[in-house]
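Presented below is the structure to which this report refers.
For this chain, numbers begin at 1 and follow the sequence in order.
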Amino acid sequence: MEYIYVLSSQQGFGSIQATPRISTHPSPLPTRHYTNMATAAVLAPHDVSTTLNYFTSTEGPAANESPYFLVQSIEGKPRTNVRNESYPAVVHDARGKEAEFTLDKNGFQFIKWPSVEHTFDDETRIKEAYYPEVEELLKQVTGAKRVFIFDHTLRRRKPGEPGEESPSNRAPAANVHIDQTYEASVNRVKHHLPKDADRLLKSRVRIINVWRPIANPVAHHPLAVSDWRSLDEKDLVPTRLVYPDREGGVYGVRYNPNHRWYYLADQTPDEVTLIKCYDSEEDKARLTPHTAFEDTTAPKDAPHRQSIEVRALVFDSE
C-alpha cells in the first residue's frame with residue numbers, strides 16, 4: 001500500500017514520501033453512524049437559532065475586481081475584496097439521526113471513527129499515523145480505490161486573536177463557503193498528480209474534507225453543513241484563491257432562505273464529519289456549503305474549540 005502526502009502551506013506546497021505500511025485500524029468499518037447510545041440517550045436534540053455570514057458583494061479599493069483572497073499578503077493590496085453579511089438561520093441537530101445523512105444524498109456524513117492520535121501536535125506523527133487512518137476511512141466509506149491527501153489544517157486560535165494565521169494555527173472559518181470550485185478541483189488533480197491526471201479524470205473524482213474535533217467535545221463555534229438538496233447553484237460565488245505561484249478557487253455562497261443547515265451537537269474527538277467539496281458525478285450531491293457558527297447557549301467555561309481537517313482527492317480508479 002502506497003501513501004504520498006502533500007502538505008499545503010501559505011508559502012506553497014511541499015511533499016514527503018511515506019514508506020508502505022498496513023493500517024492498524026480495525027477493519028472492516030463497523031458502522032457509518034454515531035453509535036454511542038449512552039450519550040445519545042441523554043442528549044436531547046439541540047437546534048440552534050444563530051446567524052451565518054454569507055457573501056454579499058466585493059468592496060474596498062479592489063471592488064471592481066472579481067472576488068479574491070490572497071493566501072499570502074502582498075504589500076499595498078487588500079487581503080481580500082469580499083464582503084460578508086450576517087443572516088438569520090436555524091442549525092438543526094443531527095444527533096440521533098446521523099444515519100439519515102450520506103455523502104451522495106446530502107453532501108456530508110457523520111462517522112464514528114476513533115483515532116490513535118489525540119493531541120495532533122506533531123506534524124510528522126499526523127502524516128505518518130493519522131493520514132493512513134483517513135485514507136482507510138475514506139476507502140471504506142466511499143469504496144474508492146485510491147486516496148491522495150493533499151493538505152491538512154489545524155484550528156486552535158480563538159476568533160479575533162491577533163497575529164498571522166497559518167495552516168497549523170487557524171481560527172474557525174466563520175463564513176459560508178466551499179473549499180473548491182469545480183474548475184479548481186480538476187486543476188488540483190493536474191497539480192498534484194500530473195502524470196496520472198488524464199487517466200484519473202476519466203473516472204469518478206471527489207474531494208472530501210475529513211473534519212475532527214481535538215481534545216474535547218465541541219461547544220463553541222461548532223461546524224454547520226448545508227444539505228446539497230437545499231442549494232441553488234446560482235448561490236455559488238467563484239472566489240479566486242491566490243497563491244504566490246498559482247491560483248486556485250473556492251466558492252463563497254449567497255444567502256438563500258431555503259438552505260437547510262445541520263450540525264452534530266457536542267461532537268466528540270471520536271466522531272468525524274465528512275464534507276464533500278467536489279464530485280465529478282452530476283447525479284450525486286456535488287458539494288456542501290459549511291461554516292463555523294456561534295452557539296450562544298454553549299457553556300461559557302467550556303474549552304475553546306480545536307479541530308483538524310484533512311482534505312483528499314478520492315478516486316474510483318487506481
Open item on the list: Please check this pair: side chain of Asn81 against backbone of Ser66, looking for a donor-acceptor N/O pair closer than 3.5 Å.
Closed with: yes
Open item on the list: Test your reading of the model: is there a side-chain donor-acceptor pair from Arg240 to the backbone of Gly249, 3.5 Å cut-off?
Closed with: no
Task: Pairwise ring pair (Phe, Tyr, Trp, His ring centres under 6.0 Å) hits with a residue in residues 281-318, at least two apart - done: His177-His290, Tyr263-Phe293
Open item on the list: Closer than 3.5 angstrom, by distance alone: can the side chain of Asn53 be matched with the main-chain N or O of Ala174 as a donor-acceptor pair?
Closed with: yes
TODO: Look at the side chain of Asn106 and the backbone N and O of Thr102, then say whether any donor-acceptor pair between them is shorter than 3.5 Å.
DONE: yes
Open item on the list: Donor-acceptor pair, distance only, cut-off 3.5 Å: does the side chain of Arg146 make one with the backbone of Val314?
Closed with: no
Open item on the list: Are Tyr68 and Val82 connected into the same hydrophobic cluster when the rule is that any two of I, L, V, M, F, W, Y join if their side-chain heavy atoms are below 4.5 Å apart?
Closed with: no
Open item on the list: Do the side chains of Asp104 and Arg204 get close enough for a salt bridge, i.e. N-O under 4.0 angstrom?
Closed with: yes
Open item on the list: Strictly below 4.0 Å, N to O, side chains only: are Arg254 and Asp232 in salt-bridge contact?
Closed with: no
TODO: Would you check if the side chain of Ser226 reaches a backbone N or O of Arg260 as a donor-acceptor pair within less than 3.5 Å?
DONE: yes
TODO: Check for a donor-acceptor pair, side chain of Arg95 on one end and backbone N or O of Ala265 on the other, with a separation under 3.5 Å.
DONE: yes
Task: Gln140 (side chain) donor-acceptor with Leu138 (main chain) under 3.5 angstrom - done: no
Open item on the list: For Asp93, is there an ion pair with Lys97 - N to carboxylate O distance below 4.0 angstrom?
Closed with: no
Open item on the list: Does this structure show an ion pair linking Arg286 with Glu233, if we count only N-O contacts that are shorter than 4.0 Å?
Closed with: no
